[in-house]
Amino acid sequence: MKGVMLGLLLAALAGTVRAKNQPALADTVRLRRHLQFLTSTPQPRNYQHPAVLDSVAAYVQQQLRAAGAHLVGTQPYAVRGQTYRNVLASFGPVDGPRLIIGAHYDVCGDQPGADDNGTGVAALLELARLLGQQSELPYRIDLVAYTLEEPPFFRTPNMGSYVHAASLKAAGVPVRGMVALETLGYYDDRRGTQRYPVWPLKFIYGSRGNYITVAQKFGNGRFGRQFARRYRGVGALPVKRFKAPAWLPGIDFSDHLNYWKFGFPAVLLTDTAFYRNRSYHEATDTMARLDMRRLGLAIEALLATVLTGE
């Protein structure tokens, strides 16, 4: 009898250890809550409605503080006589080279922007919650929510990510690398649902839009290679690495392009946006089209990648 009791006790203890060692899980209820807020603002969250953008910035700040981030604040700057704001927060050690993870919170035109880029912002906030649960982090991680990524400011110094990257360069801040979170929630398992900028790529990557991509340009350095390898190694959903010249359409279609401009290594984490989602920049880019389970898996893989960094 004593042997049986001892065995049960050891089994219980082993189960407790396993539970503690299990990776943190993304909360799809929280993701839905964030997306509901982002897609139901009184007016679309575009540059023509600065008050709406300010309300989103305030919401992001509140969520980051609740997650336990430090140095939470904004980076205001003026465009056409109006003030717009990036939102910034940090986790981990204050000193040392930092990893930048960012997502833009504005939309293009009059659309809800659930996938573009509500999913990126929701992922950023859920990642913040998961980072806040860690007892310690191996290095500093800065989370940034950018404004003005979309037209008419795309590829101009008015992009929030340009302002942020320029400020890091001017201050001589050491940066390990940058990860742009862009359209992460749309998946389709049917054949022929994935398109490419060059059609022969479908024979390499397949025609099903059921994976997430880590995209980077040639010559992106050690950071890009390591991030892509680690992310694919821990991902519970299909992950495909895509490396191409910077001129290939789509390879630089997000905030990471501005970090490249200032000499920082950067990658794009995406569901491939308009190469898969036919509702890209349309009024039909709604929550109903998103896969919350796979969005959660993408976030969990990101957390695991961050925690396994050098």
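Just so it is clear, the values below take in all heavy atoms, side chains as well, and ignore hydrogens, waters and symmetry mates. Note that the numbering runs from 1 along the sequence shown for the chain.
- Annotation: F262 is in aromatic contact with Y162 [ring centroid separation under 6.0 Å].
- Through direct or relayed side-chain contacts under 4.5 Å between Ile, Leu, Val, Met, Phe, Trp and Tyr, L71 connects to no other residue.
- One distance of note links CG of L257 with CE of M178; it measures 9.0 Å at 0.5 Å rounding.
- Within a 6.0 Å sphere centred on CG of D189, other residues, nucleotides and ligands contribute more than 12 heavy atoms.
- Here CD of Q111 is found 7.5 Å from CZ of R45. Values are rounded to the nearest 0.5 Å.
- R208 and Q194 share no side-chain donor-acceptor pair at under 3.5 Å.
- Without hydrogens or angle criteria, D116 side chain to T183 main chain gives no donor-acceptor distance under 3.5 Å.
- L88 CG to Q61 CD: the interatomic distance, rounded to the nearest 0.5 Å, is 9.0 Å.
- With a 4.5 Å cut-off on side-chain heavy atoms, Q36 and R33 do not count as touching.
- In this structure, the side chain of T193 engages the main chain of G209 through a donor-acceptor pair within 3.5 Å.
- Listed for the H256 side chain is a donor-acceptor partner under 3.5 Å among the backbone atoms of I251.
- Linking ILVMFWY residues whenever their side-chain heavy atoms come closer than 4.5 Å, directly or via other members, places V198 and W247 in the same cluster.
- Judged purely by atom type and a 3.5 angstrom limit, R85 has no side-chain atom pairing as donor or acceptor with the backbone of T74.
- Connectivity analysis of hydrophobic side chains (ILVMFWY, heavy atoms under 4.5 Å, direct or indirect) links V29 to nothing; its cluster partners are none.
- The distance from the CZ atom of R98 to the CG atom of D142 is 4.5 Å, given to the nearest 0.5 Å.
- A continuous path of hydrophobic side-chain contacts links V56 to L31 [ILVMFWY only; heavy atoms under 4.5 Å].
- Annotation: side chain of T39 is not in contact with side chain of T286 (no heavy-atom distance under 4.5 Å).
- Legend: residues meeting ring-ring contact (aromatic ring centres under 6.0 Å, His included) with Y211, ordered by chain and number and at least two apart, are absent.
- With rounding to the nearest 0.5 Å, the separation of CG in N86 from CE in M159 is 10.0 Å.
- A heavy-atom distance below 4.5 Å is not found between the side chains of V121 and Y59.
- With values rounded to the nearest 0.5 angstrom, D271 atom CG is found 11.0 Å from D188 atom CG.
- Of the possible donor and acceptor atoms, one in the side chain of T156 sits under 3.5 Å from a partner among the backbone N and O of N158.
- Distance alone, capped at 3.5 Å, places no donor-acceptor pair between the Q43 side chain and the H49 backbone.
- The main-chain N or O of E150 is found under 3.5 Å from a side-chain atom of D106 such that the two form a donor-acceptor pair.
- Both L295 and V214 belong to a single network of hydrophobic side chains, linked directly or stepwise wherever heavy atoms of I, L, V, M, F, W or Y lie under 4.5 Å apart.
- Looking at R229, its side chain never comes within 3.5 Å of a backbone N or O of G224 through a donor-acceptor pair.
- In summary, of the residues considered (F253, F274, Y275), a ring-ring contact (aromatic ring centres under 6.0 Å, His included) with Y280 occurs for F274 alone.
- Relative orientation of the Y259 and Y146 rings is tilted, given thresholds of 30° and 60° on the angle between their planes.
- Under the 30°/60° scheme for interplanar angles, the aromatic rings of Y231 and F227 are found to lie parallel.
- Formation of a donor-acceptor pair under 3.5 Å by the Y47 side chain with backbone atoms of P151 is not found in this model.
- Side-chain N or O atoms of R140 include none that pairs as donor or acceptor with a backbone N or O of P93 at under 3.5 Å.
- The number of heavy-atom neighbours closer than 6.0 Å to CZ of R32, taken from other residues, nucleotides and ligands shown, is 12 or below.
- Under the 4.5 Å side-chain heavy-atom criterion for Ile, Leu, Val, Met, Phe, Trp and Tyr, V267 and L124 are members of the same hydrophobic cluster.
- L143 and I100 fall into different hydrophobic clusters, where Ile, Leu, Val, Met, Phe, Trp and Tyr residues are linked whenever their side-chain heavy atoms come under 4.5 Å apart, directly or through other members.
- Residues N258 and A165 come closest through the heavy atom pair O-CB, 3.8 Å.
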